[in-house]
Amino acid sequence: MADRVNSARAALDTIKTRMEKARRRFGAPPESVELIAVSKTFDADQVRPFLEAGQRVFGENRVQEAKEKWPGLRETFPDVELHLIGPLQTNKAREAVALFDVIETVDREKLAGVLAEEMSRAGKRLPCFVQVNIGGEEQKAGIPVDEAVAFVARCREVHGLDIVGLMCIPPDAQPAGPYFAQLAGLAKLSGVENLSMGMSGDFETAIAMGANHVRVGSALFGRRDQI
Ligand SMILES: *Cc1c(COP(=O)(O)O)cnc(C)c1O
């Protein structure tokens, strides 16, 4: 176990050093960029060393998987902050509200309505991000770019959601910088403060474009066999 905690700590240090360099280059205030450790596909035993090493903010993309993994880990680490970063079906909204602390993938009217209902039923008001389909890709989730600003406003005014930021996954195999810059522009227009963008391959670019939440999986935990 000690060995695994040491290697988790080394992996965290490496990523945080790279984040810090990018942050300084961008000129953002210290401590302003948060690392979300994306633990999808890795089981509780593989995640625990990262908790022992001090990491507290994690991302999962599937409700069912999070439900199997996190309640047990939370018993030992009650101060964990869990982000839902994958697509959410409305029939899973109740479970998502029970399991997660932040929902990053609000991307359509019906989901916004159901989440608002489930939060009020649970007596919670979770911070949420609106996911934007920044590359306009058919296979990707997210609200279309040209509807994003109005959608944020409706989530707030009609549904009463606490929208704190925008999130995106840019197209593969293309420079991500312009997409990140575009999301930053949309955040300004929408009046939200937080930008969740950047993964293992491009988190430094994302920070240079204003990201203050980066979602890093494989660079911390190693290669995934499944998506
Ligand atoms: C898997 C995933 C990540 C992490 O990807 P890596 O390339 O492993 O860092 C980030 N964001 C989302 C939405 C993901 O599904």
Side-chain angles (χ1 to χ4, degrees), residues 7-8 10-19 22 33-43 46-47 49-50 55-70 81-89 92 96 99-108 111 126-143 148 164-177 179-180 182-184 186-187 194-227:
S7 48
L12 287 164
D13 284 349
T14 303
I15 297 301
K16 287 190 175 166
T17 303
R18 288 171 56 187
M19 284 170 61
V33 187
E34 179 123 70
L35 172 61
I36 302 170
V38 177
S39 48
K40 66 184 186 193
T41 79
F42 295 96
D43 65 21
Q46 293 167 299
V47 175
F50 288 82
Q55 177 67 24
R56 286 296 179 274
V57 183
F58 290 84
E60 290 283 348
N61 69 334
R62 293 206 173 106
V63 173
Q64 186 58 37
E65 184 183 340
K67 195 173 147 189
E68 286 157 19
K69 199 185 302 184
W70 282 97
E81 182 182 302
L82 199 57
H83 291 227
L84 177 64
I85 60 168
L88 179 59
Q89 294 168 303
K92 298 265 175 70
L99 277 164
F100 288 91
D101 304 293
V102 180
I103 309 285
E104 294 207 8
T105 50
V106 181
D107 67 351
R108 58 200 190 278
L111 177 61
L126 302 182
C128 296
F129 287 68
V130 163
Q131 181 176 358
V132 179
N133 188 350
I134 201 73
E137 296 173 284
E138 217 159 278
Q139 76 280 15
K140 282 222 175 101
I143 192 89
V164 299
L166 301 182
M167 178 270 212
C168 78
I169 309 169
D172 299 329
Q174 277 182 54
Y179 293 106
F180 292 151
Q182 194 181 5
L183 195 74
L186 286 172
N194 298 289
L195 283 168
S196 174
M197 54 191 198
M199 321 202 313
S200 291
D202 54 21
F203 67 88
E204 287 140 316
T205 307
I207 292 170
M209 298 295 163
N212 62 352
H213 288 69
V214 294
R215 308 179 309 266
V216 178
S218 48
L220 283 171
F221 293 97
R223 209 176 63 87
R224 281 184 301 273
D225 300 326
Q226 339 125 243
I227 298 283

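Position 1 is the first residue of the sequence, and the numbers go up from there. Start at 1 and go down the list; that is how both ligands and their atoms are numbered.
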Charged N to carboxylate O under 4.0 angstrom, E204 versus R18? yes

Atom NZ of K16: over 12 foreign heavy atoms under 6.0 Å: yes

Contacts of F100 meeting ring pair (Phe, Tyr, Trp, His ring centres under 6.0 Å) (sequence neighbours excluded), chain-then-number -> none

Assign the ring pair F221 / F50 to parallel, tilted or perpendicular, where the plane angle (0 to 90°) is split at 30° and 60°. tilted

Should V102 and V164 count as side-chain neighbours, where that means a heavy-atom distance under 4.5 Å?
no

All heavy atoms of D202 vs all of P170, minimum pair found to be OD2-CG, 4.4 Å

Within the heavy-atom cut-off of under 4.0 Å, ligand 1 is lined by V38, K40, I85, M167, I169, M199, S200, R215, V216, G217, S218, R224

